[in-house]
There are 2 protein chains.
Amino acid sequence: MLNERSLSVSQECAECPIRHRAVCARCESDELERLEEIKYYRKFEAGQTVIWSGDRMDFVGSVVSGIATLTQTMEDGRTQMVGLLLPSDFVGRPGRSNAAYDVVATTDLVMCCFRKSPFEELMRQTPHIAQRLLEMTLDELDAAREWMLVLGRKTAREKIASLLSIIARRDASINMTTAHGNIVFDLPLTREAMADYLGLTLETVSRQISALRKDGVIELEGKRHVTVPDMSRLLEEAGDDADGGVFA
Amino acid sequence: MLNERSLSVSQECAECPIRHRAVCARCESDELERLEEIKYYRKFEAGQTVIWSGDRMDFVGSVVSGIATLTQTMEDGRTQMVGLLLPSDFVGRPGRSNAAYDVVATTDLVMCCFRKSPFEELMRQTPHIAQRLLEMTLDELDAAREWMLVLGRKTAREKIASLLSIIARRDASINMTTAHGNIVFDLPLTREAMADYLGLTLETVSRQISALRKDGVIELEGKRHVTVPDMSRLLEEAGDDADGGVFA
DNA sequence: CGGTAATTTGAAGAATGTCAAATCAGGTGG
DNA sequence: CCACCTGATTTGACATTCTTCAAATTACCG
């Protein structure tokens, strides 16, 4: 199932776009050299499954570019997204041999992979990797808990506004695509993927996006390109405090 | 607000009931001695708030006995539980100075606390603590993701069945209170707390519990004492695979 | 034996899901 | 370059689930 092509070019960690944010962020140059020995790149096309829940997983790795999702599926087919993986995010769990979730590339995706057992060995020896992984895992746990509030207590409209805020915020921390105060970004998810993220149906997602557009909270060009004229308004719609953060 | 009483008796780590499961599980005896120097016990009564979200938090610690909850609250009062803390669970985040969630004791509670900055210093020096904390955080993240599926995709009945399964499982790993194949346990949560856990109203919780009782999935003595005659039936009602696990 | 909080139950309403059909967008082959 | 095809998205009508508000009941505590 994994018919990705190997990259012919090998890349230097020093020039890596996620060098200072990924699991290797804290590594010294000698530690980086050892990581470089066990790393390899893998490329996936949009729509491809990186790994199926339950499958043996002999690597861990970082998203270098593109977006992937982590999802759980019930026997009857209901699915819930439980993670949205952006560049620098970590995939896999050291010490676990089988994947716990489906990982799917939603855009073209490049991953920097490490063979699992050498990586685990390296973790034992270099505290910087484990330290950084702990930090990242704690951040993910906080994000998961924020998400739980969204899933459990917010209305459909608030859920959509929350998701848009999150994407805008994450996007801004990378691209800062803001023309004269406006926040502008592309939705990296289909309506169905948004529904799986938010615990809604795709029809409800569509209706609420239309409603937010009609009420002037967002503007749309095509189905995916979003402009937010007033970020604090969006945050208000999300049910969050309308102050603080990147967009004061 | 924190009118807990200090414990007059200091306890030995060696005899601690959570010695082999808490954040200190991997520590050697010399490491334990250093932890012992910075630890102190705190006791809370049922209903007391351990810490408010946003408050300065100058300690981290472990639940020794009793149960606490982690909750988020929106401005208009809607609340969502995001963590259920049982004995050996860790409270607080190294490197963070203010609490991100409300922590409330739902039963009488004993915590083993460490002053934060000495603990952080110790973490830097002894990899065993950080290693164990990473492991525990990864487990919590998995639990949070399971919970996200419950919140996002399960029906009210499935949510209740899921919660009962989780409590039964956690209880069993400690007490194994099973008379002739039956699983028996006490609900440590009020209907309202269950509602906050599951993203429901307390009325819906009450109705679904009654329905499960009527259908013979569970039996109740009083409001809190639960008997599960057939665990696989309960798991089926939860929408999970009805096999595997502790109760095969 | 009251009093209070927790829980249950009922009736009605609102939000979201379901099913079906129409529309739109992008890519393809002619 | 255009008509067509396919999948994504939107829209509509209706069904269902869950919440809301209100009141009755139960359990526990002093």
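Lettering follows sequence order; numbering is per chain, from 1. Heavy-atom basis, side chains included; hydrogens, waters and symmetry copies ignored.
The list of salt bridge (Lys or Arg N to Asp or Glu O under 4.0 Å) pairs with a residue in residues 208-218 of chain A, not counting sequence neighbours, reads A/R157-A/D215.
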So which protein N/O to nucleotides 15-17 of chain C N/O distances come out below 3.5 Å?
from: C/dT16; atom 1: OP1; to: A/A156; atom 2: N; distance (Å): 2.8
from: C/dG17; atom 1: OP2; to: A/T201; atom 2: N; distance (Å): 3.4
from: C/dG17; atom 1: OP2; to: A/T201; atom 2: OG1; distance (Å): 3.4
from: C/dG17; atom 1: OP2; to: A/T204; atom 2: OG1; distance (Å): 2.6

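Residues forming a side-chain hydrogen bond (donor to acceptor under 3.5 Å, both in side chains) with A/N98 (at least two apart in sequence, or on another chain): none. Applying the salt bridge (Lys or Arg N to Asp or Glu O under 4.0 Å) criterion to B/R78, with sequence neighbours excluded, gives A/E158, B/D76. Among residues two or more places apart in sequence or in another chain, the side-chain hydrogen bond (donor to acceptor under 3.5 Å, both in side chains) test is passed with A/S162 by A/K154. Scored by the salt bridge (Lys or Arg N to Asp or Glu O under 4.0 Å) test, B/D139 finds A/R93 as partners (sequence neighbours excluded). Not a single side-chain hydrogen bond (donor to acceptor under 3.5 Å, both in side chains) links B/T137 to another residue, sequence neighbours left out. Annotation: salt bridge (Lys or Arg N to Asp or Glu O under 4.0 Å) contacts of B/E146 (sequence neighbours excluded): none.
The cationic atom of B/R42 (NZ for Lys, CZ for Arg) lies less than 6.0 Å from the six-membered ring centre of B/F59 and within 45° of the ring axis.
An end-to-end axis angle of 40° holds for the helix from C/dC1-D/dG30 to C/dG30-D/dC1, taken from five base pairs per end and rounded to 10°.
A heavy-atom distance below 4.0 Å to DNA chain D is reached by these residues of residues 214-226 of chain B, ordered by number: B/K223.
Looking at A/N182 and A/T227, their side chains never bring a donor and an acceptor atom within 3.5 Å of each other.
The number of heavy-atom neighbours closer than 6.0 Å to CD of A/E219, taken from other residues, nucleotides and ligands shown, is above 12.
In this structure, B/V64 and B/M111 have side chains that are not in contact, with every pair of non-hydrogen atoms separated by 4.5 Å or more.
Residue B/E203 contributes atom CD, which lies 10 Å from atom C1' of C/dT9 at whole-angstrom precision. As a whole-Å value, the separation of A/L202 CG from C/dA20 P is 15 Å. For A/D76 and C/dT18, the CG to P distance is 11 Å, given to the nearest whole Å.
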Return all side-chain donor-acceptor pairs below 3.5 angstrom for residues 100-107 of chain A, not counting sequence neighbours, or 'none' if the list is empty.
from: A/Y101; atom 1: OH; to: B/D142; atom 2: OD1; distance (Å): 2.9
from: A/D102; atom 1: OD1; to: A/S53; atom 2: N; distance (Å): 2.7
from: A/T106; atom 1: OG1; to: A/I67; atom 2: O; distance (Å): 3.2
from: A/T107; atom 1: OG1; to: A/I67; atom 2: N; distance (Å): 2.9

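Taking 4.0 Å as the cutoff to heavy atoms of chain A, we find the contact window on DNA chain D bounded by D/dT9 to D/dA13.
If you check every strand for non-hydrogen atoms under 4.0 Å, A/S206 touches a base.
Closest heavy-atom contact between A/L212 and A/A161: CD1-N, 4.3 Å.
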